[in-house]
Every structure is written in structure tokens, then in C-alpha cells.
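Below is one structure, written out as C-alpha cells, with a few remarks after it.
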Number of protein chains: 2
Amino acid sequence: MSRWKPNAEGRFRAAAMELFIERSYEQTTVADIAERAGLTPRTFFRHFADKREVLFNGSARLQEAMLSAVRAAPAHAVAIEAIVAALDGMVAFFGDDRAPARLRRSIVASTPELRERELIKLATLSATLAEAMRARGINEPDASLAAEGAIAVFRVAFAQWLDESELRSLGEIVSASLNRLGTIVAANGPKCSSLRSSRS
Amino acid sequence: MSRWKPNAEGRFRAAAMELFIERSYEQTTVADIAERAGLTPRTFFRHFADKREVLFNGSARLQEAMLSAVRAAPAHAVAIEAIVAALDGMVAFFGDDRAPARLRRSIVASTPELRERELIKLATLSATLAEAMRARGINEPDASLAAEGAIAVFRVAFAQWLDESELRSLGEIVSASLNRLGTIVAANGPKCSSLRSSRS
DNA sequence: CTTTCGATGTCATTGAGTGACATGACTATA
DNA sequence: TATAGTCATGTCACTCAATGACATCGAAAG
């Protein structure tokens, strides 16, 4: 019997998904996952920083997809062009099949611990996007604002995409949301509306 | 000696802040905090859901400030007016003193665990704001988009407020950021720019 | 004074996460 | 083929966050 098991991470992920569905995330211990994967708990933590990470494999690939889309954008793109490219890359990453995303969301949504992790992944995505925009000559605070706005649009649109039936594609929803955000925020008077500058 | 200690939560918070500064968050155990507070670890968890929560006392009050500001807005406010009110309420909540916020941020920023919790507090704030807007007749997806956008603006502006010297007030920075976001997003063509609707 | 109730203490336990060290397996090089 | 090096894994022991069960103390009400 060989001691070395090929594709340990894949084994862990598959075992974890099975157990998270059979029971739930909370009622599954790392020992359970390791047992089903035919490995030990100690090895689990050599492949994943913590129990949550086993569910967040895709975030690195999503980030890569977003980044290469931004870098492929025209050279002197302004902020809006950069985030449109980023959103485009993210939309392409997910394709048409909502089922896996829905399944994953049902697991993540069921546990505060996992919702927290999801948020930090999105925040990382936002920070990475802002950084990429700065690297293309878009300065602060535009880079951060545009990045935060883009991720916010994506989050809202993505949730809608999962909630509604197969009517509109993700791209259509994202596009509509981006336009909607523009309409909303642009309704603000050029001078700052009624926000009082509270110098005490 | 009386067994009952008045203001247990306050004692825990004070003890925790001291220790987080002396050592760090990570190198402080709940047992340490309890000892300095003159209480037991078990009691700590009766007052705080987990170790992180001891640092997030203000978030409930911030949410209250934001909510009452939104509810105080004119009756048929459109999205932009509602979020301006919300931002106004949040700005007022922090006042002029940046020192406490800076200290707290230095602690939170030093630990991924705490950054995650911070994000979920902001996400909760966003969801609450969206809910309040819906209660005032603003429909989806405008409510969610505006709420996400507003929180994004606040987050970026708040970070700037802490980073720069005492030049501009928080209100001024928030106001400027909101306008900037409007300028950026409004630059998007009315029809959706180049985001291809990727119906595979 | 006694009863009741809420806050705390005590004890035991589970499960996440980590460090140290041993061991098996694959690879390179002679 | 032999030997050394390296990498993934197993084993053991440990810390610490978090929780349940139960005892106890203090205060307030009757």
C-alpha cells in the first residue's frame, strides 16, 4: 500500500461537499472529512488553512479571470471601462450553469462562519481589482471607489441570477445593475445634495 | 466579597482593549481577558458570542444611528436621498475624534479573523439599510444597489479619513466620494457599454 | 425569613488548529 | 543498483475557543 495519495486536495473537497450535503457544515468535523477522504486531519490542515477554505477553492480562479480581463483592457482605459472589463471576466467565469453556484450558496448561506469568509473573499477581490486599476494609471480614490462599486454590483446581480429562473443571463443582469447604479448615484446633485459637512 | 460584579461587559471590554494593545489580539486568550477583568472565561462567553465580539460593541449603535437617520428622511425620498441621509447619520455618529477609530483599526487590521468580522458587520449594515429603504417604498434592485453603494462609499471614505491628517472632515470626504462614484459610474453609456451579454 | 430569579463559578467536554518528529515514497545522481 | 535528498503523510501531544450541565451566591420581593 502506497502512503502517498494522489490529488489529496480534490479528495478532501469531494469528501467535504458530500458530508456538508448529507449532514451540514456545522455537524461535520474535520476528522469526518479526513476519514472519508482516506487521510488524516493533520493532513487536511496542510492543504487548507482552516476548515472553511475547503469551500473556497474557486475564488483564486475567479480572481485570475477578473485580473486577466482587466489587463486585457485597452491601455488608457478610464475607471468605468476597467470595471466593465472586470465584470465581463467574472461573468464569463461562471458561464451558464447556475446549479453548482446555487448548491454552494445554500451551504455558505447556512453558516455565519462561511458568510464571513465569503465576504472577505469578495473584499480581497475588490482590493485586487483596485490594485490592478492603479497599475493601469487610475488613481485614488477612483480606483477604490470603482472597485468597490463593481464588486457591489456583481454581488447584487449574482444573487439575483441565482434567485430568478433562467430568464436573463448573468451578463444581462450585471449590465442592468451597473446601469441602475449609475442612474441612482447620478441623481445626486453635482454639489453634494444635503450631506452636511459636519465640522463639529 | 460580593460575587456579582457590576458592568461585566464594560470590564471585559476594557480588559480586552488593554491586553490587545499590550500584547496583541492573537496573543491574548479569553482566559487572560477574564483574569484581568476579575471574572471567568465562562462568563465572558455569556456576554459575548465569541472572542471577536468584544471589539464590535459600536456596530449596533452605528446601525441605530444610521437607521434613525433614514427613517427621519422625507416620506417619499428616492434612493439617493435615503442613502445621503444614512451616510449623514453615520458621519454624525463618529464625530471629529479620529484617535479611537484609528486605535481600533490598528487592532482589527492586524488579524484576518477580525477583518472578517468587520466585513460582516458592514454587510449587515448594508442589508439593514436596504431593508429600511424597502420599508420606505424603494424597490429592488435599487434598494440593494444603493445600500451596497452607500456602504462602499462610506468604507472608502472612512479609510481615507483615518489615513489623512486632520484636513477634511469625515462628512466632506464622504460627500466627495459619493459624488466621485456618481461621476465614475455615470460615465457608463446609457445602454450598457461593452459588457457582452454572454448567453453561451 | 424564605422564595425566587438572575448572574456567576466550577467542571467536563468537544472540536479547531499547530508544532515536533517519524516514516514512507518518489527522484536524482552516481 | 545503491544512496541521498526531498516531499507528502502519519502520529502524538498540546493549546485554546466554545458550550452544556449543574452548583452557588447575591439581591429583590413576598
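As the structure is a computational prediction, the values presented were derived from the model and not from experiment. The chains referred to below are lettered A, B, ... by the order of the sequence lines, with proteins before strands, and numbering in each begins at 1.
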Take atom CZ of Phe48(B) and atom P of dT8(C), then tell me their distance rounded to the nearest Å.
11 Å
What is the distance from CG of Leu39(B) to C1' of dG9(C), rounded to the nearest Å?
10 Å
Which heavy-atom pair separates Ala69(A) from Gly89(A) by the least distance, and what is that distance?
CB-CA, 3.7 Å
For Arg52(B), run the side chain to side chain donor-acceptor pair (under 3.5 Å) check against Glu116(B), Glu118(B), Glu113(B) and tell me which one passes.
Glu113(B)
Within one Ile-Leu-Val-Met-Phe-Trp-Tyr cluster: Met66(A) and Ile80(A), side-chain cutoff 4.5 Å
yes
Would you mind reading off the distance between Arg42(B) atom CZ and dA21(D) atom P, rounded to a whole angstrom?
10 Å
Are Leu19(B) and Val30(B) connected into the same hydrophobic cluster when the rule is that any two of I, L, V, M, F, W, Y join if their side-chain heavy atoms are below 4.5 Å apart?
yes
Should Val108(A) and Ile120(B) be counted in the same cluster of Ile, Leu, Val, Met, Phe, Trp and Tyr side chains packed under 4.5 Å apart?
no
Would you call the rings of Phe158(B) and Phe154(B) parallel, tilted or perpendicular, where under 30° means parallel and over 60° means perpendicular?
parallel
Return the orientation label for the Phe48(B) and Phe12(B) ring planes: parallel under 30°, perpendicular over 60°, tilted otherwise.
perpendicular
Taking atom types as they are modelled, is there a donor-acceptor pair under 3.5 Å from the base of dG17(C) to the side chain of Arg46(A)?
no
His47(B) side chain near dT8(C) phosphate (N/O to OP1/OP2, under 4.0 Å):
yes
Quick note, Arg52(A) side chain, CB onward, closest among dG17(C), dT8(C), dT19(D) is dG17(C)
Under 4.0 Å between a side-chain N or O of Thr40(B) and OP1 or OP2 of dG9(C)?
yes
May I have the distance from Phe12(B) (atom CZ) to dA17(D) (atom P), rounded to whole angstrom?
13 Å
For the pair made of CZ in Phe45(A) and P in dC14(D), what is the distance, rounded to whole Å?
19 Å
Interatomic distance, Arg11(B) CZ vs dG9(C) C1' [rounded to whole Å]
15 Å
Which ones in residues 18-35 of chain A lie close to DNA chain C, meaning a heavy atom under 4.0 Å from one of its atoms?
Thr28(A), Thr29(A), Val30(A)
When the distance from CG of Asp50(A) to P of dA17(D) is rounded to whole Å, what number comes out?
16 Å
In whole angstrom, give the distance that lies between atom CZ of Phe44(A) and atom C1' of dA8(D).
16 Å
